[in-house]
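Working notes for the structure below.
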Amino acid sequence: MIGELDFPFLGAGSTGGACGFAVANPPLYGMVSAGGPSVFNNGIGCGTCFQILCNGHPACSRRPITVTITDECPGGPCASEPAHFDLSGKAMGALARPGQGDRLRSAGVLRVYYRRVECLYRRTNIAFRMDPGANPYYISFVVEYENGDGDLAYIEIQPADGEFIPMQEMRSAVWKISSGSPLTGPFNIRLTSAESHKVVLAYNVIPANWKPNETYRSVVNFK
């Protein structure tokens, strides 16, 4: 498919962004992009992966790269095409021929070929970064780095002494649950992807002694 891209972000991209991801850290390493309305999809597009090929400029390497959607590019030029990508500086440079990164970054809006692909991260299949305000009565986390579809439609959490409970999407990739009594870990997390409705269980992924701001990882895959 044909879309367009430009280059609004220096370096590794916008830290946090609309999706709340730590973009400069592994496994993303700055290979990220903001997406226009059709790509960001009201936050459902957070964590999805796209392969992008640039061949319409002399500085293009004509070799595809893969980026993860971590932010929103709302309105204006971002809504002018069926798909729009605002790449990080690192990702834009990866599209260029050797030594031509700055030339490509200054080229403005470019026409590109793109396609949705499965996400594939080494060593980390899925990560849960606890919210700074999370506590036993209010569990909240950002879901990051999902291998496979990369998007989420539904999340359930299971305390150590209970059944699975639906969580509420607070914004983009942030999910929460409030309780009148403290919820105790370790916690199992059951996730359903939006694209294919595949289900995965992250078993005991959040420990009993979890802490705000900490990240907990699982090596499961969507199947």
Side-chain angles (χ1 to χ4, degrees), residues 1-57 59-61 63-96 101-121 126-127 129 142-153 169-175 193-195:
M1 292 181 283
I2 299 176
E4 63 179 23
L5 62 80
D6 59 12
F7 160 64
F9 302 124
L10 297 172
S14 55
T15 299
C19 301
F21 294 176
V23 300
N25 299 336
L28 296 181
Y29 297 103
M31 294 297 290
V32 301
S33 177
S38 66
V39 176
F40 185 72
N41 194 17
N42 295 316
I44 295 176
C46 285
T48 55
C49 294
F50 288 84
Q51 188 179 80
I52 296 175
L53 174 67
C54 163
N55 66 359
H57 188 278
C60 293
S61 70
R63 292 190 301 270
I65 65 168
T66 299
V67 295
T68 301
I69 301 301
T70 60
D71 203 354
E72 178 182 17
C73 174
C78 296
S80 63
E81 292 289 332
H84 186 99
F85 301 88
D86 279 355
L87 266 62
S88 68
K90 183 172 182 179
M92 199 72 166
L95 277 176
D102 287 342
R103 184 182 179 192
L104 193 62
R105 293 185 188 101
S106 63
V109 176
L110 297 170
R111 302 282 286 181
V112 294
Y113 294 95
Y114 73 95
R115 66 186 181 103
R116 174 86 177 265
V117 295
E118 286 198 347
C119 300
L120 180 60
Y121 304 114
I126 190 167
R129 180 160 51 84
V142 177
V143 185
E144 299 179 315
Y145 322 140
E146 304 148 52
N147 272 356
D149 292 343
D151 54 13
L152 290 170
E169 187 175 17
M170 185 164 58
R171 64 182 187 278
S172 300
V174 182
W175 295 75
S193 72
E195 175 74 9

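Remember, predicted model here, so these are calculated numbers, not experimental data. Basis for what follows: all heavy atoms, side chains included, without hydrogens, waters or symmetry-related copies.
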Tell me the closest heavy-atom pair linking [X] and [Y], and the distance in Å.
| X | Y | value |
| --- | --- | --- |
| C78 | P37 | O-CD, 3.5 Å |
| A194 | I44 | CB-CG2, 3.9 Å |
| C19 | F40 | SG-CE1, 3.8 Å |
| Y121 | C49 | OH-SG, 3.6 Å |
| A94 | I65 | O-CG2, 3.6 Å |
| L28 | V23 | CB-O, 3.5 Å |

Roughly how far, to the nearest 0.5 Å, is the [atom2] atom of [Y] from the [atom1] atom of [X]?
| X | Y | atom1 | atom2 | result |
| --- | --- | --- | --- | --- |
| Y29 | T68 | OH | OG1 | 12.5 Å |
| I126 | E144 | CD1 | CD | 10.0 Å |
| E72 | D86 | CD | CG | 11.0 Å |
| F85 | Y114 | CZ | OH | 6.0 Å |

Measure from the side-chain N and O atoms of D71 to the backbone N and O of A18, and report whether any donor-acceptor pair falls under 3.5 Å. yes

Ignoring hydrogens and geometry, is there a side-chain-to-backbone donor-acceptor pair from E195 to D151 under 3.5 Å? no

Can you check whether [X] reaches [Y] side chain to side chain, under 4.5 Å on heavy atoms?
| X | Y | answer |
| --- | --- | --- |
| S33 | V39 | no |
| W175 | L152 | yes |
| D149 | R116 | yes |

Take a 6.0 Å sphere around CZ of R63 and say whether it holds more than 12 heavy atoms from other residues, nucleotides or ligands.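 No, not enclosed.
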
Would N41 and T48 count as a side chain to side chain contact (heavy atoms under 4.5 Å, CB included) here? Give the steps. CA-CA 11 Å; N41 194 17; T48 55; over 6 Å; no

Candidate pair L110 and M92, rule side chain to side chain contact (heavy atoms under 4.5 Å, CB included), full reasoning: CA-CA 11 Å; L110 297 170; M92 199 72 166; 3.8 Å; yes

Apply side chain to side chain contact (heavy atoms under 4.5 Å, CB included) to the pair V32 and V67, showing each step before the final yes or no. CA-CA 5 Å; V32 301; V67 295; 5.7 Å; no

Go through the steps to decide whether I52 and L95 satisfy the test side chain to side chain contact (heavy atoms under 4.5 Å, CB included), and finish with yes or no. CA-CA 8 Å; I52 296 175; L95 277 176; 4.3 Å; yes

